[in-house]
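Structure record follows, encoded as structure tokens.
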Amino acid sequence: MRMSRLLLPTERQAPADAEALSHKLLVRAGLVRQLGAGLWSWLPAGWRAHEKAVQIVREEIDEIGGQEMLMPVLLPAELWKKSGRYEIDELFKLNDRKGAEMVLAMTHEEAVTTHIAQVVRSYRDLPLILYHFQTKERDEPRPRAGVLRTREFIMKDSYSFDRDPEGLDASYELHRAAYARIFDRTGLDWYEVDSDVGMMGGTGAHEYMAPCPAGENEVALAPGFAANVEIAGADAQPVDLPAPLPQPEPVNTPGATTIDEVSRQLGVPAGALLKAYPVICDDGSSVLVALRGDHRVNDIKLRNALRQGFRPAQPDEVARAIGPPGYLGPVGLGGARVLLDAAVDTSAGWITGANRPDTHLRGVQAGRDFAFTVADVRTVEAGDTVNGHAITIEPAIEIGNIFKLGLRYSEPLGADYLDEHGQQRSVWMGSYGIGPARIVAAAVEQHADENGISWPRALAPYDLELVALGKPDQPERIAAEAAYVELRAAGLDVLFDDRDAGPGEKFKDAELLGLPLRLTLGKRSLDSGRVEAQIRRGLQDVEGGLPLDDLAQSVGELWKTLA
RNA sequence: CGGGGAGUGGCGCAGUCUGGUAGCGCACCCGGCUGGGGGCCGGGCGGUCGCAGGUUCAAAUCCUGUCUCCCCGACCA
């Protein structure tokens with residue numbers, strides 16, 4: 001491609017409101033442009049990178065037997081009412097000219113399952129893996145960080161359909177293997193983590209994470225361990241605790257309504273206190289969650305432990321049912337049950353709220369002084385351990401996920417089949433997503449330097465940039481034209497900077513765009529019979545350059561060695 | 001949804017407090033010079049100051065309303 005003809009609007013300065021590195025660089029390099037909150041166009045060069053990611057995904061999903069198809073974005077609302085997902089706030093809802101209710105697909109479980117329900121009759125029709133690349137629409141409460149979280153994006157979503165749970169396991173493992181190959185091929189630093197199944201329901205899920213500062217997810221890591229902090233469990237860091245007193249002993253703590261204040265007044269570490277977090281469950285019951293004063297409740301783990309949704313109790317509800325906010329404790333509760341976090345040592349003597357103003361209790365022992373059930377509901381923190389190894393927590397972008405859906409959609413949408421005994425059974429489903437745009441953004445985040453983007457070879461919009469120096473019509477420009485023809489004939493995707501611009505501008509733009517290899521052909525090169533070559537990653541000059549004679553071959557060989 | 005910030009030419013900004021009819025850098029166009037790291041000189045084009053209403057002789061500037069965008073949090077199927 002001739003750069004003089006390419007729509008590549010580079011900018012010296014990033015948009016003032018850009019925060020994330022990938023946001024700044026993708027805009028500056030002329031790869032994407034914004035049209036509204038969470039609404040982005042991919043300009044020609046950016047789209048090439050996106051489609052590189054798409055093609056890698058396509059090849060690997062085909063390889064496990066996936067069959068590519070295409071389903072519409074605009075769907076009848078009926079399907080979503082059947083599946084019970086019509087009320088989701090993020091779902092765009094609209095009416096057609098006849099007034100019929102429609103939705104814009106935020107994912108395609110309803111659509112694909114409806115087809116399967118119509119088409120699959122027999123166990124002989126299974127298993128199946130179907131997929132497509134299709135636009136998803138989500139009315140996000142807060143789009144952010146350029147293309148990292150948008151309201152409209154393309155997703156590869158595949159769906160597996162099996163006769164039984166064992167079949168689902170097999171399809172799931174096929175996808176795990178394909179995903180590993182996909183992300184390896186993209187050149188990203190990535191890992192697979194255990195994840196929450198979320199409101200998708202189902203029995204198992206993994207997420208694929210690309211670590212980078214702009215990531216929205218937090219991942220807990222230790223040797224042999226990786227989990228989204230949403231569900232991560234780990235051994236808490238120890239705290240020195242006294243033995244229980246013969247019976248709980250009131251202590252005066254005037255005005256001490258926070259952990260910090262109690263800890264300060266009594267001269268004990270926050271971890272020696274039991275924090276009380278009152279919640280009201282969806283079924284109307286109230287639960288007092290008790291955990292170490294230095295720990296935080298993890299809402300997702302708590303929801304999973306309660307097996308239902310919940311909300312924090314309002315202060316007036318608390319005051320009415322339990323005691324004054326700030327002085328809550330598990331001893332002497334009326335109706336509420338106590339859920340004790342698993343990190344609380346039940347042999348120790350704790351300091352808890354007394355459910356009376358300005359008073360705490362000392363020496364409280366779980367079990368003796370109050371009844372409880374146990375669950376792991378706290379948020380892990382850096383320094384906690386897994387198998388004796390301290391964990392670290394780092395931000396990451398979710399670039400893919402896989403879910404075992406089970407019967408979540410097949411039952412409401414009627415996807416069933418007759419087994420070999422003539423028995424009607426529901427189809428076991430899995431769903432598997434990948435966001436190519438996030439792969440692209442993650443690659444930018446992970447590999448950029450102060451000069452710009454540094455594409456992994458697999459995602460670069462073009463294989464290399466050929467920079468022609470000198471005035472138009474001078475011999476070095478003519479030689480550059482010949483090199484352009486030769487390199488293309490050898491099958492390389494060449495971006496040819498044939499613009500009438502100064503060398504500095506061309507070099508800066510080349511570094512900003514970040515193709516893996518830059519060839520420079522100027523008067524010097526022509527005189528020496530060699531072309532200068534620089535590898536973008538690390539801006540490494542190739543010693544002595546490459547011979548102008550048979551340039552395509554040496555470029556091709558060098559190309560194979562690049563990351 | 002809660003909190004914070006911002007809308008002035010393609011990008012980045014000043015001007016707003018203290019009202020007087022819009023300016024700077026880059027980019028862009030023309031001419032010339034330069035030609036290995038965003039070069040130099042000269043001449044130009046381009047803006048309903050987000051939108052609506054109000055106050056005023058006069059509004060980018062003051063008042064009211066409204067829309068949009070960004071950041072933090074909540075949320076994220």
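Below, all heavy atoms of this structure are taken into account, side chains as well, without hydrogens, waters or symmetry copies. Lettering of chains follows the sequences in order, A, B, ..., and the numbering in each one begins at 1.
The base-pairing partner of C69(B), taking Watson-Crick or G-U wobble contacts with both distances under 3.5 Å, is G5(B). The base-pairing partner of A77(B), taking Watson-Crick or G-U wobble contacts with both distances under 3.5 Å, does not exist among the strands shown. Pair check for G31(B) finds C41(B); Watson-Crick or G-U wobble, both atom distances under 3.5 Å. In this entry G25(B) has C11(B) as its Watson-Crick or G-U wobble partner, both defining distances falling under 3.5 Å. Partner assigned to U16(B) is none, using Watson-Crick or G-U wobble distances below 3.5 angstrom. The partner of G53(B) is C63(B), by the rule that a Watson-Crick or G-U pair needs both atom distances under 3.5 Å.
Within 4.0 Å (heavy atoms only), S525(A) reaches at least one base atom of the nucleic acid. Heavy atoms of A20(A) sit nowhere under 4.0 angstrom from any nucleic acid atom. Among the atoms of the strands shown, none is found under 4.0 Å from any heavy atom of N401(A).
You'll find that the side chain of P503(A) is closest to G37(B), out of G37(B), C69(B), G25(B). The side chain of R28(A) has G38(B) as its nearest neighbour among C69(B), C11(B), G38(B). Side-chain proximity of T107(A) to the nucleotides A77(B), G37(B), C71(B) is greatest for A77(B). Out of C75(B), G12(B), A77(B), the shortest distance to the side chain of D299(A) is found at C75(B).
Going from the C1' atom of G9(B) to that of G15(B) covers 15 Å, rounded to whole Å. The gap from the C1' atom of U68(B) to that of G50(B) amounts to 7 Å, rounded to the nearest Å. The P atoms of A14(B) and C57(B) are separated by 32 Å, rounded to the nearest whole Å. Taking the P atoms as reference points, C49(B) lies 25 Å from G44(B), given to the whole Å. Nucleotides G43(B) and U61(B) are separated by 33 Å at their P atoms, to the nearest Å. With C1' as the reference atom, U34(B) and G39(B) are 7 Å apart, rounded to whole Å.
Contact check on D341(A) versus K301(A) returns no salt bridge, with no Lys/Arg side-chain nitrogen under 4.0 Å from an Asp/Glu carboxylate oxygen. We find that D157(A) and K136(A) are joined by a salt bridge, their nearest charged nitrogen and carboxylate oxygen being less than 4.0 Å apart.
F310(A) does not carry R303(A) over the face of its six-membered ring by the limits of under 6.0 Å from the centre and within 45° of the normal. Annotation: cation-pi geometry satisfied between K81(A) and Y86(A) (NZ/CZ under 6.0 angstrom from ring centroid, within 45° of ring axis).
Counting to the nearest Å, the C1' atom of C70(B) and the NZ atom of K24(A) are 13 Å from each other. Between N217(A) atom CG and C75(B) atom P there is a gap of 13 Å when expressed in whole angstrom units. One interatomic measurement links the two molecules: CD of Q34(A) to C1' of G7(B), which rounds to 13 Å at whole-angstrom precision. One can place CD of Q474(A) at 11 Å from P of U34(B), the figure rounded to the nearest angstrom. The NZ-C1' distance, from K471(A) to U34(B), rounds to 7 Å in whole Å. The distance between atom CG of L21(A) and atom C1' of C71(B), rounded to the nearest whole Å, is 17 Å. The CZ-P distance, from R144(A) to C75(B), rounds to 14 Å in whole Å. Atom CD in E140(A) sits roughly 13 Å away from atom P in C71(B) (whole-Å rounding).
D527(A) CG: more than 12 foreign heavy atoms inside a 6.0 Å radius. Counted within 6.0 Å of CZ on R2(A), heavy atoms from surrounding residues, nucleotides or ligands total more than 12; the atom is thus considered enclosed.
OP1 or OP2 of C72(B) sits under 4.0 Å from a side-chain N or O of R142(A).
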For nucleotides 39-44 of chain B, tabulate all protein N/O to nucleotide N/O atom pairs closer than 3.5 Å, reporting atom names and distance.
none

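Comparing R438(A) and A37(A) by the nucleotide of RNA chain B that holds the closest heavy atom to each, the one mapping nearer the 5' end is A37(A). Checking A16(A) against T520(A), the closest nucleotide of RNA chain B that is more toward the 5' end is the one next to A16(A).
Note on ring orientation: taking the six-membered ring where Trp is involved, the planes of H50(A) and W47(A) are parallel (angle under 30°, cut-offs 30° and 60°).
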Discussion item. Determine whether Y409(A) and R85(A) satisfy the following criterion, side-chain hydrogen bond (donor to acceptor under 3.5 Å, both in side chains), listing intermediate values before the conclusion.
Written reply: CA-CA 10 Å; Y409(A) 296 94; R85(A) 296 206 293 181; 2.9 Å; yes
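Taking the six-membered ring wherever Trp is involved, the centroid distance between the rings of Y172(A) and H206(A) falls below 6.0 Å.
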